[in-house]
Amino acid sequence: MPRRRWVGGCMDGRGPMLESRTPRGPGTVGRGTAMSLPFDPQEGPVSLHALRHSTSHIMADAVLRLFPEAKVAIGPPVDHGFYYDFELPRPLTEEDLPVIEEEMRKVLAEAGEFICSSLSRAEAADRLREAGQDYKLELLDDIPEDEGVTFYDHGTWSDLCEGPHVETADQIPANGFKLTHTAGAYWRGDSDKTMLQRIYGTAWWNRKDLRKYLAWLEEVQKRDHRKLGRELDLFSIDPDFGAGLVFWHPKLGQVRRKLEAWWWDLHEAAGYWPVYTPHVAGEQVFERSGHLENYADMIWAPMDVDGRPYRVKPMNCPGHVSIFNSRRHSYRDLPLKYAELGSVYRYEPSGTLHGMLRVRGFTQDDAHIFCTPGQLEDELVEVLEMVDQILSTFGYSYTAYLATQPEKSMGSDEVWEHALEALRGAAARRDLALEEDPGGGVFYGPKIDFKMRDALGREWQGPTVQVDFNLPERFDLHFNDADNQLKRPVMVHRAIFGSFERFVGGLIEHFAAWFPIWLCPIPAAVLPITADQEEAAASIARILGEAGFRTALRTEGPLRRRIRECEMEKIPYMAVLGEREVESGTVSLRVHGKDGQEALSVEDFVARLRERRDSRALEY
RNA sequence: GCUAGCGUAGCUCAAUUGGUAGAGCUUCCGCCUUGUAAGCGGAGGGUUAAGGGUUCAAGUCCCUUCGCUAGCUCCA
């Protein structure tokens with residue numbers, strides 16, 4: 001939640017944040033991906049937050065002038081801007097936005113001061129009823145009896161609102177805001193309630209900041225993994241096969257292979273064992289696991305095999321549990337760590353699908369740790385270590401959130417306490433700061449979720465480490481302890497990439513598809529200037545290929561054109577070969593993102609590629 | 001799933017008030033022999049997402065289905 005700072009106006013408005021709820025929202029680029037834009041800490045003398053909130057009032061005023069019969073709902077500030085929800089006589093189109101903006105400038109010219117006033121509930125209700133503002137009346141009803149009711153007025157506009165706002169309309173720059181898009185939004189975020197029309201806008205202290213933000217948005221669009229995926233032939237989705245099912249094309253397949261190989265290396269070194277489990281299972285498995293009961297909506301419909309219902313797996317855990325349960329375990333066996341790149345299928349509503357980021361079939365980098373309660377903390381330390389190693393390799397910074405016991409949960413308080421202690425203890429040993437998310441845990445156990453920040457400052461849902469009390473109970477897991485008593489093992493569920501689809505989709509945007517050498521599908525191109533250098537070029541390409549670097553040998557067409565083509569294909573290294581180079585046994589190296597060229601020997605070129613690859617360097 | 005919008009060649013886009021589809025790039029074939037982000041010429045390519053309807057006539061209007069986009073709800 002963005003920090004709220006008081007700015008001007010009066011202090012009456014201490015009620016619930018009528019309009020300032022929704023930390024999620026707008027800034028979300030690419031829906032449903034759990035990304036949200038960072039809140040810009042750069043604030044002027046008056047809070048940007050207040051500026052945006054006030055701009056949303058100005059917009060509501062303008063909309064009511066254009067549509068006098070409109071009803072208003074809520075209009076909070078959000079990351080980078082604001083929105084306001086309306087019930088309108090007709091659907092809005094893109095063409096309406098400039099018209100509303102124009103009207104806003106007129107409102108701005110006459111708005112004057114933002115005045116806050118405290119009203120009695122009766123007065124407030126009268127005022128809203130008179131205005132026919134039913135949604136606001138509903139909000140009024142929800143304000144607790146012991147809290148004050150405030151209105152914010154400017155010009156002829158009056159709105160039930162907690163504030164805070166700017167002091168006068170003069171503080172809102174006429175060239176610092178822009179309406180960006182419209183969308184549907186349920187009243188109170190409830191899919192059973194009316195669908196309202198939401199208008200999103202962005203607002204800044206000046207034109208320069210606005211332009212900077214718009215340029216940033218443009219960059220976001222340029223990096224959209226769907227756009228790059230098409231342009232660079234990375235992946236596709238074929239409606240004949242089904243929405244939300246991803247085809248990894250050769251170049252992206254190569255990226256994934258490298259990730260997988262590295263992932264397995266790390267896991268083997270950490271004592272995980274690879275396991276493989278079936279993609280379908282008799283329905284009773286998911287009945288017993290509780291998935292059918294708790295996640296019925298996301299499990300694909302059953303298929304009939306010999307008169308018995310089978311399901312495509314939505315999770316890998318029951319499979320790993322089955323392996324664990326296939327024999328008796330001594331405490332000496334523990335911890336047991338099973339790892340699988342497990343493909344799962346989940347039904348996601350059609351409207352939520354989004355490129356590789358939100359799909360219906362995906363592969364998790366899944367692993368389950370079965371251990372004794374006493375081993376839990378050590379195991380968690382190791383997981384946190386691996387999380388850090390993996391995320392920092394890509395240059396992601398991250399924040400960790402500890403989700404504690406929710407109201408509805410299973411397992412004794414004692415068990416929860418032990419697990420939380422282990423999570424906290426592990427974090428402390430790693431010097432990992434934990435943001436608390438009280439009550440945010442899943443019903444079956446506490447967890448640490450990571451949010452990672454990408455090159456554009458956007459937040460993505462990252463790794464997760466969850467302690468699970470549910471499955472060991474449901475599948476009656478046990479091990480024989482040193483005192484010859486059968487005991488319940490603790491089960492830890494963890495994924496670091498999350499899913500390859502989402503993670504790699506994110507990587508495409510994070511790197512703008514300029515993958516580091518160790519992942520880059522085609523790290524180098526060799527370009528002979530004329531046919532006379534073709535033979536030498538082919539030999540260099542062969543040397544690079546033997547060293548493990550896929551290399552493009554491009555001989556057709558003018559050099560300038562080939563360079564352009566390689567640049568557009570995002571090949572970071574281009575070795576140009578002319579008469580001079582062949583004579584001296586060098587290449588003229590053109591490196592993406594660097595000006596000019598450097599001459600170096602073929603050996604040095606290979607050495608440089610090796611160094612970048614083996615160190616998993618982020619720079620070329 | 002919901003609200004709104006969209007679906008024209010492999011890609012990016014055109015097609016006056018309904019009058020039977022056009023460009024650039026890509027691809028292919030020639031020519032050009034290239035010094036650091038587009039050399040020149042020619043050719044090929046579309047049952048306008050699919051199906052149905054209105055009309056003398058539908059890319060354009062209506063309906064259904066599929067898919068996509070912005071959000072909402074939900075999620076790895």
Side-chain angles (χ1 to χ4, degrees), chain A residues 22 24-26 28-34 83 85 87-88 90-94 180-200 224 226-227 230-231 233 236-240 242-244 295 297-298 314-316 342 344 346-366 449 460-464 495-503 505-506 527-534 555-569 574-581 588-592 595-597:
Chain A
T22 351
R24 204 172 159 215
T28 8
V29 183
R31 77 298 202 48
T33 54
Y83 67 77
D85 287 345
E87 186 182 297
L88 295 172
R90 66 166 175 85
L92 292 172
T93 66
E94 290 297 311
T180 51
H181 56 291
T182 62
Y186 297 112
W187 167 230
R188 317 207 102 181
D190 182 341
S191 55
D192 292 330
K193 296 207 160 85
T194 338
M195 182 65 80
L196 302 170
Q197 296 192 64
R198 176 170 297 180
I199 305 175
Y200 280 102
D224 189 312
R226 295 165 298 179
K227 178 177 151 71
R230 165 120 295 293
E231 288 171 359
D233 191 21
S236 62
I237 291 167
D238 181 348
D240 286 343
Y295 305 101
D297 290 349
M298 68 171 211
M315 306 254 186
N316 302 304
V344 296
R346 297 185 187 170
Y347 174 78
E348 300 285 349
S350 58
T352 65
L353 301 175
H354 185 84
M356 301 183 78
L357 300 181
R358 188 77 185 269
V359 296
R360 286 181 174 160
F362 53 96
T363 302
Q364 295 179 306
D365 65 319
D366 213 352
D449 282 332
W460 298 68
Q461 182 170 333
T464 180
I496 299 178
F497 294 146
S499 83
F500 277 91
E501 283 72 10
R502 184 173 284 182
F503 193 82
L527 312 177
I529 291 177
T530 70
D532 290 343
Q533 292 87 39
E534 273 185 33
T555 58
E556 298 289 311
L559 181 65
R560 285 173 63 83
R561 184 183 184 89
R562 283 179 278 155
I563 286 174
R564 178 166 194 274
E565 285 168 358
C566 290
E567 195 70 36
M568 299 217 303
E569 284 175 49
M574 288 177 229
V576 174
L577 210 56
E579 208 175 327
R580 285 202 302 270
E581 287 76 14
S588 168
L589 192 63
R590 187 184 206 277
V591 183
H592 172 69
D595 289 334
Q597 302 92 45

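Numbers restart at 1 for each chain; the letters A, B, ... are given by sequence-line order, proteins then strands.
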Out of B:A37, B:A4, B:C72, whichever nucleotide has its closest atom nearest the side chain of A:Pro91: B:A4

Rounded interatomic separation in angstrom, taking CG from A:Leu527 and P from B:U34: 16 Å

Rounded C1' spacing from B:A9 to B:G52 in Å: 26 Å

Nearest to side-chain heavy atoms of A:Arg564, which nucleotide of B:U3, B:A37, B:G1: B:A37

5' priority, RNA chain B, between A:Arg188 and A:Gly355 [closest heavy atom]: A:Gly355

First encountered from the 5' end of RNA chain B, between A:Gly578 and A:Met298: A:Gly578

Worked check of side-chain hydrogen bond (donor to acceptor under 3.5 Å, both in side chains) between A:Tyr200 and A:Arg198: CA-CA 6 Å; A:Tyr200 280 102; A:Arg198 176 170 297 180; 3.1 Å; yes

Worked check of side chain to side chain contact (heavy atoms under 4.5 Å, CB included) between A:Tyr83 and A:Ile199: CA-CA 5 Å; A:Tyr83 67 77; A:Ile199 305 175; over 6 Å; no

Pairing pattern in dot-bracket form [Watson-Crick, G-U; both distances under 3.5 Å; | = partner strand] for RNA chain B: (((((((..((((.....[..)))).(((((.......))))).....(((((..]....))))))))))))....

Any donor-acceptor N/O pair, A:Asp365 side chain to A:Ile496 backbone, under 3.5 Å: yes

Rounded distance in Å - CG (A:Asp192) to C1' (B:U3): 15 Å

Phosphate OP1/OP2 of B:A70 contacted by A:His354 side-chain N/O (<4.0 Å): yes

Nearest-angstrom distance, P atom, B:G18 to B:G59: 13 Å

Of the listed nucleotides B:G1, B:U36, B:C2, the one nearest the side chain of A:Gln597: B:U36

Shortest side-chain distance from A:Thr352, nucleotide among B:C74, B:G71, B:U34: B:C74

OP1 or OP2 of B:U26 under 4.0 Å from side-chain N/O of A:Arg561: yes

P gap between B:G7 and B:C63, integer Å: 15 Å

Spacing of A:Glu534 atom CD and A:Leu577 atom CG [to the nearest 0.5 Å]: 10.5 Å

Between B:A4 (P) and A:Leu88 (CG): distance, integer Å: 12 Å

A:Arg226 vs B:A70: side-chain N/O to OP1/OP2 distance below 4.0 Å: yes

From CG (A:Asp85) to CD (A:Gln197), nearest 0.5 Å: 10.0 Å

A:Arg226/A:Asp224 under salt bridge (charged side-chain N to carboxylate O under 4.0 Å, His left out): CA gap, chis, key distance, verdict: CA-CA 5 Å; A:Arg226 295 165 298 179; A:Asp224 189 312; 2.5 Å; yes

Per-nucleotide protein contact string for nucleotides 59-67 of chain B, where B marks a base within reach and S marks sugar-phosphate only (heavy atoms under 4.0 Å, - for neither): --------S

A:Tyr347 side-chain N/O to B:G1 phosphate OP1/OP2 under 4.0 Å: yes

N/O donor-acceptor pair under 3.5 Å between A:Arg346 side chain and A:Met315 backbone: no

Side chain to side chain contact (heavy atoms under 4.5 Å, CB included) partner of A:Arg502, chosen from A:Gln364, A:Arg358, A:Met356: A:Arg358

C1' spacing across the pair B:C74 / B:U54, given as an integer number of angstrom: 40 Å

P-based separation of B:G46 from B:G39 [nearest Å]: 28 Å

Heavy atoms from other residues, nucleotides or ligands near CD of A:Glu231 exceed 12 (cutoff 6.0 Å): yes

Inter-nucleotide P distance (B:G10, B:C6), Å rounded: 23 Å

Given B:U3, B:A37, B:A70, the nucleotide with the shortest approach to the side chain of A:Ile563: B:A37

Whole-Å C1' distance, B:U60 and B:G24: 24 Å

From B:C74, B:A37, B:C75, nucleotide with atom closest to A:Arg502 side chain: B:C75

Distance (rounded to the nearest 0.5 Å) between A:Trp187 CH2 and A:Lys193 NZ: 8.5 Å

Any A:Tyr186 side-chain N or O less than 4.0 Å from OP1/OP2 of B:A4: no

Residue A:Arg346, side-chain heavy atoms: nucleotide from B:C72, B:C75, B:U36 that is nearest: B:C75

A:Glu579, nearest nucleotide to its side chain (from B:C72, B:G35, B:A37): B:G35

